[in-house]
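Sequence lines set the chain letters: A, B, ... in the order given, protein chains first and strands last, and positions in each chain run from 1. Side chains included, hydrogens not; waters and symmetry mates left out as well; all remaining heavy atoms used.
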Protein chains: 2
Amino acid sequence: MATTETRRRADAERNIAAILDAALVSFTEDPQASMAAIARAAGVGRVTLYAHFPSREVLLEAVLDRTIAAAGAVIEKATPGEGPATEALRRLLRSSWHELDQHRKLFDLAQRELGAAALRQRHREVVDHVEALLVRGQQEGVFRRDLPMTWLVTTVYSLLHAAAEDVNAGRLAAEEAAGVLEATLLPALGSR
Amino acid sequence: MATTETRRRADAERNIAAILDAALVSFTEDPQASMAAIARAAGVGRVTLYAHFPSREVLLEAVLDRTIAAAGAVIEKATPGEGPATEALRRLLRSSWHELDQHRKLFDLAQRELGAAALRQRHREVVDHVEALLVRGQQEGVFRRDLPMTWLVTTVYSLLHAAAEDVNAGRLAAEEAAGVLEATLLPALGSR
DNA sequence: AATAAGTCGAACAGTGGTGTTCGAGTTAGC
DNA sequence: GCTAACTCGAACACCACTGTTCGACTTATT
């Protein structure tokens, strides 16, 4: 990951990072954000942006890969494979709801702009973590088995996203988000 | 509602209906659908479209109003004020998940393109029905009171939308949608 | 069968986005 | 302090979309 393909100068490296940061924010705030707007948000000229990312598509892919990697890292940090499944889910929600929401928004965007097929593989990397946790919970007998697994995953992601939207719209305090999610998801997923 | 503002010819009336139908589908399928695409989908010339709806914005508003009216009618048909609240919610889900999802998608789009303020009023008309039902359920003691009301409404809408997406993506059979929603929402909203 | 209402293709101007080129100016690195 | 790497504004061509006008044609209505 840290392999410097072609030796880059420090200021270039800095700008690339700034662009990716700005692009993530811009894309999640407004899926139609223009290259000019992203360059402005990154504090960089439009030409510089194109120098590093030759097209909007390439930029989107780069942001996507970076976000997936970040989401994966944050998930693994929450050790979803350890301890009781309900506890693991709690840890996951507390640490990762924000990252997972960014991942979801970007995924929606990329699905429209890059096509569904190209995305499935990368998407799996993150979703599988959640799915594995849910399966483990089923085996422990604490999560329900009467609904399709895909639906349970959808439920988690969907409410996560809803909470993030509510926080964004000022309808929910950021500190409450994880608690509210817990209180809603556990009964929704729980057996009996 | 049936007041013919300026006497229109029958073929015009027919085209307007076709345009609104096509626009609803187009907008919910792809928020960026162009006027040309909508005209094509309606089987109508682009000029005719502009003759009836002088701008994209006006068209979007018309579709929105029509969908809100339809959603309101479908909701009222499910008599959400009668019988036990859980039963009423079941009826609502069975009859309206599809209409409510269309309403939600259009609302998202309109919020971006027309601004949040202009929409709040119209949005209320539909959301209030759901909220009233949830409040009634709280008074009956069957729905939880430990979370903000706005969040409960968000939860209903969010899962509704998620189910519609899953149906759309082929991950969930349309006939199962209402049942799955019931099985997920009732435990999520229930007291205890 | 006359007339008013409606349809529609072609062609136009205007706007805003993408991606490129050029050339002059900065800045990091040795 | 030299040089190669990098930045960046201005200007360009290109394209897709919006909204308009014109004039010829078709259709509903009486």
Check DNA chain C against residues 47-65 of chain A and give the residues with a non-hydrogen atom under 4.0 Å, in numerical order.
-> Val47(A), Tyr50(A), Pro54(A), Ser55(A), Arg56(A)

Output the residues of residues 17-41 of chain B in contact with DNA chain C, where contact means a heavy atom of the residue under 4.0 Å from an atom of the strand; sort by number or write none.
-> none

Quick note, Arg9(B) side chain, CB onward, closest among dT7(C), dC6(D), dA4(C) is dA4(C)

With a 4.0 Å cut-off on N to O distance, would you call [X] and [Y] a salt bridge?
X: Glu165(A); Y: Arg171(A); result: no
X: Arg90(B); Y: Glu87(B); result: yes
X: Asp108(B); Y: Arg104(B); result: yes

Between Ile16(B) (CD1) and dA5(C) (P), how many Å, whole number?
-> 15 Å

In whole Å, what is the span from the CZ atom of Arg14(B) to the C1' atom of dT7(C)?
-> 12 Å

Can you check whether [Y]'s main-chain N or O pairs, donor with acceptor, with [X]'s side chain at less than 3.5 Å?
X: Thr184(A); Y: Ala188(B); result: no
X: Arg136(A); Y: Pro80(A); result: yes
X: Glu99(B); Y: Val74(B); result: no

Taking the inter-plane angle between the rings of His103(B) and His123(B) on a 0 to 90° scale, is it parallel (under 30°), tilted (30 to 60°) or perpendicular (over 60°)?
-> parallel

The complete set of ring pair (Phe, Tyr, Trp, His ring centres under 6.0 Å) pairs with one or both residues in residues 38-75 of chain A, sequence neighbours excluded, reads none

Given dT7(C), is OP1 or OP2 found less than 4.0 Å from the side-chain N or O atoms of Asn15(B)?
-> yes

